[in-house]
S.K.: 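Quick one: this structure, given as structure tokens, is what I'll be asking you about.
Basis for what follows: all heavy atoms, side chains included, without hydrogens, waters or symmetry-related copies. Because the structure is predicted, anything quoted here is derived from the model rather than measured. Along the sequence shown, the residues carry numbers beginning at 1. Ligands are counted one by one from 1 in listed order, and the atoms in each one are counted from 1 as well.
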Amino acid sequence: MKKRRRLNKVGKLALSGLILIMILFAFSLFPKSDDKFEEHVLKNEKYYDLKIDYPILHKQKIDEKIKKYIEKEKANFFEAVEAMKERKEDNKYDFIVQYQMHQEQEIYHIHITRYAYTGGNHYMRDDQTYHYDSKNQKFLTINDYLKESNDLEKLSTLSYYYIMKYGEDHQIQFDEEMVKDGLEAKKENFNHFYFDNSGLELLFPPYQVAPWCDGEIKIVIPYKEVNALLKKQYQQDTKDVLKEIIVPQKRNLDQFSGKKLIAFTFDDGPSTTTTNLLLDGLDKYQARVTFFVLGSRVSQNQDVLKRAYQEGNQIGSHTYHHRNLLRLSDYERMQEIRNTNEEIEKIIGVKPTLLRPPFGNINTDVKKLAGMHIIEWSIDPLDWKYHDKNKVADEIVKNAHDGAIVLVHDIYKSSVEGALLAMERLQKEGYAFVTIEEMTKLKNVTLDETTSYFHF
Ligand code: ZN
């Protein structure tokens, strides 16, 4: 008996040692917490704007592919900028890269949308989707998912049916020949796909199946129809996702009466890492803030968006792809606004009522079309330019005034830290930090859809 117990002790010791080694090993496999999972570039120069967001997976093959694509596109763009400068043209070009990422087991689906405005009437768009099997370190196409060689033909036929249905739902009269041409059974025509809870989602960029003015077309073919074409390991049952009802925390506004008020607003997120960092810091200053999120970033950062909303922060729209609304057709404007509102509603259950137009650019026509409340800002610490938390805090504190709206970006750690630092200092000066909705209640303002609000 005695001997056995001793052995048990030895065994336990060995086991805990083994666990420790395993934990250390696991940590060494994952990137350190300050390693980036995403890169953000924002520039606002005399001749051009640049806004690039792309993922870093810390997997060499895919990371290189993405970087190479962006570098090539950027080089082309700068060539156009140089040519414009040489012509002594008074214009401002614009370059945008946004992405969406979905993952199933070890396969990543990364869809990159690139917009370039280099004069003329509208942005040029390019779409790239990479399907990367990180286990086998290889790129996949739709053919890798399909069972038989003629299944692509079948997928094409199914897609045709769902596109026509999309047309009926959205009151678009498609040109049947154009749709058929765009759906010819070639793998390139079916490259923008991923699997969601209900089925295979396919995206067709402008021009592929419909003219540019109809924008992108997105369809979902339910599993019950597409399973027959898929290899066994990719077949799924439609998952019924229970609609979660989120009840946001409400604050008693009496506590703020007589205080000076500031509405901090955070653009260009959400971001799982940096937005969470901000949310962790707000309670210390009894602060609640407003987020103007990009529609394209909502689904891959949905948990942090839910948290922000549930904790009593306000969620507004910053459009889908961060394009200058003044350079878009009415239909594109509607798509930018409507798609973002739908993405947000899917996650938090309500549509946003606030809109912050990218670059603050808006006019009477776009306001009418949007039918939302337009929120601009009165304090801009240029956080995206300096990446310096002390400078961000100094600028905000220096310019602080009752009723101010502060613009910062929650995709940068330095901006989040700078904003929290400013709160710490402003709290001592008698300021309270409220959402736009709380601000309007406390100041007795009724928002209308024709005004742009810079402060209250
Ligand atoms: Zn922005």
S.K.: Is H318 close enough to the Zn ion (ligand 1) to have an N, O or S atom under 2.8 Å?
M.R.: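 Yes.
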S.K.: Tell me, yes or no, whether the heavy-atom count around Q249 atom CD, taken from other residues, nucleotides or ligands under 6.0 Å, exceeds 12.
M.R.: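 Buried by this count: over 12 neighbours within 6.0 Å.
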S.K.: Find, among atoms of H322 that are N, O or S, the one nearest to the Zn ion (ligand 1), and state its name.
M.R.: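 The nearest such atom is NE2.
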S.K.: Ring-plane angle category for H322 and H318, please: parallel below 30°, perpendicular beyond 60°, tilted otherwise.
M.R.: perpendicular
S.K.: Can an N, O or S atom be found in D268 less than 2.8 Å away from the Zn ion (ligand 1)?
M.R.: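 So D268 does bind the Zn ion (ligand 1) by this criterion.
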S.K.: Taking the six-membered ring for Trp, is the centroid-to-centroid distance between H111 and Y194 below 6.0 Å?
M.R.: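 No: the rings miss the under 6.0 Å criterion.
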S.K.: Around atom CG of N121, are there more than 12 heavy atoms from other residues, nucleotides or ligands closer than 6.0 Å?
M.R.: no
